Amino acid sequence: MSDLRELYQDVIFDHYKKPRNCHVLDCANHQADGFNPLCGDQLTVYLKVEHGVITDLSFKGSGCAISTASASLMTEALKGKKIDEVEDLFEDFHHMVTTPEDAPHPELGKLEVLAGVSEFPARVKCATLAWHTLQAALKNQNQPATTE
Ligand code: ZN
């Protein structure tokens, strides 16, 4: 198990150092800002939604390793997904990061590298910030999303 944990940390570190889809998305038709006051993480999520499908998405911001890696992994996981699927995925993801020793989550794919967050309750909001912001963007809320 410890080897697996190290691997997971490598993936998180890699996404922190080289975040994927980390740029302003010029063609976005949804966007929202998110802020996690507990840690100081802030980011903007950009989405291009066509016919109920997320055809492209990106984020930009500054935050800790967990929030950045989670945003990076989320953008990779959700590209090409239907908006209807997002709610379920977020529910599974949220359950995973808040439930220590939870069952495996094959449906979450690479997002599973963040399962270790469940052992650090203070970091849950870092891991979920991008998702809360994504939901705000889908609803086109003008109020910045906050984890509080
Ligand atoms: Zn953080």
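Quick caveat, the model's predicted, so the values are computed rather than measured. Counting starts at 1 for both ligands and their atoms, in listed order.
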With sequence neighbours excluded, what pairs up with Arg123 under the side chain to side chain donor-acceptor pair (under 3.5 Å) test? none

In the hydrophobic cluster built from side-chain contacts under 4.5 Å, what are the other members alongside Tyr46? Val24, Leu25

State the count of protein N/O/S atoms located less than 2.8 Å away from the Zn ion (ligand 1). 5

salt_bridge(Lys17, Asp10) N-O dist < 4.0 Å: no

Reported CZ-to-CE distance for the pair Phe90 and Met96, which is rounded to 0.5 angstrom: 11.0 Å

Should we count NE2 of His95 as having more than 12 external heavy atoms under 6.0 Å? no

Looking at residues at least two apart in the chain, or sitting in another chain, which of them share a salt bridge (charged side-chain N to carboxylate O under 4.0 Å, His left out) with Glu119? Arg5

